[in-house]
Amino acid sequence: MSDNKDGEEVSRPWQSYHTVFTNAKAGMDGVDKEKVQKIVYEMSKGSKYFENEERKEAFIKQKIENMRAQCAKLTVMDIAHYQTVADKKIAELEVTRDLSKTWLHVDMDAFYAAVETKENPSLMGKPMAVGGMSMISTANYEARKFGVRAAMPGFIARKLCPELIFVPVDFKKYTHYSELTRKVFHKYDPNFIASSLDEAYLDITEVCKARGISSEEIAGELRAGVFEETGLTCSAGVAPNRMIAKVCSDINKPNGHFVLPNNRIAVMTFISSLPIRKIGGIGKVTEHILKDVLGISTCEDILHKSAYLCALFSHSSIDFFLSVGLGLGRTDTPQVRSRKSISSERTFSATEDEASLYNKIADIAESLSSDMQKEDLRGRTLTLKLKTASFEVRTRAVSLQKYIFSSEDIMHHGSKLLKAELPVSLRLIGLRMSHFHEDKPSPDPLQRTLTKFLISGNASEHVTHDRNSMGSESSSTFDVSDREKGLHGDAYRTCLFDADDEYDYGDRLNPQQSSYFEHNSESSYINAGEIEKPYLRCQTKVNNPERTGHGSPSKEVGDLKRVDMESSSVSGQSEATYVQRFESGANILHMKATLPANEKGQSLWVDDYKCSLCGAELPPSFVEERQEHSDYHFAEMLQKEESPENCRVSIQRSSQKVQITKKNGQKKQKTSLKDSKHIPIDLFFVKSNQNF
DNA sequence: GGGCATTTTGGAA
DNA sequence: TTCCATTCCAAAATGCCC
Ligand SMILES: Cc1cn([C@H]2C[C@H](O)[C@@H](COP(=O)(O)OP(=O)(O)OP(=O)(O)O)O2)c(=O)[nH]c1=O
Ligand SMILES: [Mg+2]
């Protein structure tokens, strides 16, 4: 297979250039995929962006090779062992199957584009995209016939379709229409989960029973209701759990619905031939890895390769994959979660002019501060995000003792972080605040703690009465991390098991969250957890519409005020903690590991391939990289011997980093990127894997 | 050994 | 001419400090 692939890469290179929009999507039926691929490739080839993608791709390929090697080493006995482990796990999961609920997933058709067309009917029937020349957020179905898709840069889309009309994004409009749709959703499930402006999950078990009608009828009625209310079409999917419902809503998109009966046979039949990429949580990289390492393409394949999966991946990943293979997904209604961060970033033409960079960051700080004030947020951690002219992304964070929100404070700390990176040529700067303080303004930390303590008692009561108690959202007043652990402490990994849940956080129509009634924009968080009539307490949060060119309006996340942990830690330093690292994008999947530790000494290349100190693999041809790698170990040793106290910052700032997986004692490592000036780089790997 | 802080990664709309 | 976004989440890994 790999030989074959390599061969194709040489003769038809565009076939191996995968993008987020390479993946099939509704409305792409009659499209000449080959032609589109070729144009996309031609337009991308040679660009800085492309080169960065190639670097990332090379990293993944290497990882795949390592995993394949590991598979090859498995003995018959190993495989038999893993098979029993897999079978046991499968049996355990099967027991949890719950076919008693009926979930419906609704997804608006070409949402932004549909809204724009509704407001400007002259666009009807013409290929149109929402966004600009650098990026489009979505395209209508006429444009999709040309291969134009969401997340595709505008200039490429125009190449695919010269007639394409570009309409700038206008979040205010989308938010408005979103509210209208939610009004309809609310009639069928007052606790519906809004996972984005245009999507929601409804537990229609009760409505069906109460009205004595089928889920099919509910789906039709709901879609008609949405159309009546908004003039926009949507698609729906009905299934016994959210994971499958989401897949189903895509089956008859646009303007249609698909109902999967609540019985095991139907689910298994449906899932078996389904490409794994259709499942939420499995994206480009995971698909690539499972395909190239184990030949897995469909959900059915997952069960056939269960032993290998157990041999290669971590527990949580195994649970997730096997659940997908079994067609199992969440059926409960999760706890409402509050926003955890807020950010603002902007792309501009690359520059290394410091004055101009400071101007940019000032604008961003201003914008972020303004957003924070709209939600009455104050945060303790500020993260600076940078994207260099070569598309390398870096982040740098500081945790402060004070909670801040003013543009002055943000700018002050943000520019300090930026200053440490100069000189550098950047194309993007972003600022993100997190570790929010949940109280109302009260600058004094001590006082806040007290206030919080008092409030937490009351707030807790409300919150805990929240619909279901799976979360310990407020159980532990002062320990955020404990609460979060509780939140994810379920049998499955939230993120992967049910990707839907990833989005539940935000748009779930929760009391204080976004929706269409403003009277509560001021609602105090003390009522945050109460949910009698959730939507009645929603506030309309328009996320700086039009500020950004495209993208999504920040997930109007509600701010379920949770009592945050107080300053307590702010580890030592009086000012703040500065730590940094860098790295170019590279993918990592988590796997099991198995590499022996090395001792310190000189850097030698074992088997002419592996570093004797850390096990990193670096082919002999990587002369410079090897030199650099050796230098790194050398510097590391010097540091250890000389200044133990500076170790942290120094090492982290060095151009390479070595990571040792504790659990497995295996190591993985990669060379990260450099620092502003040169560009070393590249990685190598690890023998084994990591955990998925 | 645990808790905290930082960074990276992959995913989704 | 233009030349690949923005917002947000969770997990995992790493290192420091107790
Ligand atoms: C996928 C994607 C969507 N969006 C926005 C624009 C979309 O209209 C909106 C909803 O996303 P989607 O539901 O993924 O797409 P869509 O509604 O435009 O089309 P479909 O008929 O296939 O459902 O989110 C982005 O801004 N960036 C993205 O990468
Ligand atoms: Mg949609």
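Heavy-atom basis, side chains included; hydrogens, waters and symmetry copies ignored.
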A:Ser195 vs B:dA13: side-chain N/O to OP1/OP2 distance below 4.0 Å: no
Among C:dA10, C:dC8, B:dA5, the nucleotide that comes nearest once only the side chain of A:Arg337 is considered: C:dA10
I want to check one thing: is the phosphate of C:dT6, taken as OP1 and OP2, less than 4.0 Å away from some side-chain N or O of A:Thr347? yes
Compare side-chain N and O positions of A:Ser341 against OP1 and OP2 of C:dC9 and report whether any pair is under 4.0 Å apart. yes
Test: A:Glu54 and A:Lys56 ion pair at under 4.0 Å: no
Rounded interatomic separation in angstrom, taking CG from A:Asp198 and C1' from C:dT7: 15 Å
Can you figure out which of C:dT7, C:dT6, C:dC4 approaches the side chain of A:Ser344 most closely? C:dT7
Figure out the CZ/P separation between A:Arg427 and C:dT6, and round it to whole Å. 9 Å
Measure from NE2 on A:His105 to P on B:dA13 and round the result to the nearest Å. 8 Å
Under-4.0 Å side-chain N/O to phosphate OP1/OP2 contact, A:Arg339 with C:dT7: no
Assess whether salt bridge (charged side-chain N to carboxylate O under 4.0 Å, His left out) is satisfied between A:Arg55 and A:Glu57, documenting all intermediate values. CA-CA 5 Å; A:Arg55 283 193 289 272; A:Glu57 180 63 24; over 6 Å; no
In whole angstroms, the gap separating P of C:dC4 from CG of A:Leu426 amounts to 15 Å
Record whether the side chain of A:Arg158 comes under 3.5 Å of the base of C:dT2 through a donor-acceptor pair of N or O atoms. yes
For A:Lys284, which residues count as a salt bridge (charged side-chain N to carboxylate O under 4.0 Å, His left out) partner, sequence neighbours excluded? A:Glu53
In this structure, how many angstroms lie between the P atom of C:dA5 and the CZ atom of A:Phe166, rounded? 14 Å
Atom CG of A:Asp170 and atom P of C:dT6 are separated, to the nearest Å, by 17 Å
In terms of side-chain geometry, is the basic nitrogen of A:Glu345 or A:Lys387 positioned less than 4.0 Å from the acidic oxygen of its partner? no
Using the test salt bridge (charged side-chain N to carboxylate O under 4.0 Å, His left out), find all partners of A:Lys360 that sit at least two apart in sequence or belong to another chain. none
Output all residues satisfying side-chain contact (heavy atoms from CB on, under 4.5 Å) with A:Ala365, sequence neighbours left out; order by chain, then residue number. A:Ile410, A:Met411, A:Leu431
Residues at least two apart in sequence or cross-chain that pass side chain to side chain donor-acceptor pair (under 3.5 Å) with A:Asp109, listed by chain then number, are A:Thr233, A:Ser235, A:Lys253
Does the side chain of A:Ser44 get closer than 4.0 angstrom to OP1 or OP2 of C:dC4 through an N or O atom? no
Dot-bracket assigned to DNA chain C with the 3.5 Å Watson-Crick/G-U criterion, [ ] for crossing and | for other-strand pairs, is .....|||||||||||||
With sequence neighbours excluded, what pairs up with A:Lys45 under the salt bridge (charged side-chain N to carboxylate O under 4.0 Å, His left out) test? A:Glu42
What integer distance in Å separates A:Asp371:CG from C:dT6:C1'? 12 Å
For B:dA13 and A:Lys246 - does any side-chain N or O of the residue sit under 4.0 Å from the phosphate oxygens OP1/OP2? yes
Quickly work out the A:Glu199 CD to B:dG11 C1' distance and round it to whole Å. 13 Å
Categorize A:Ala151 for me: base, sugar-phosphate, or nothing, with a 4.0 angstrom heavy-atom threshold over every strand shown. base
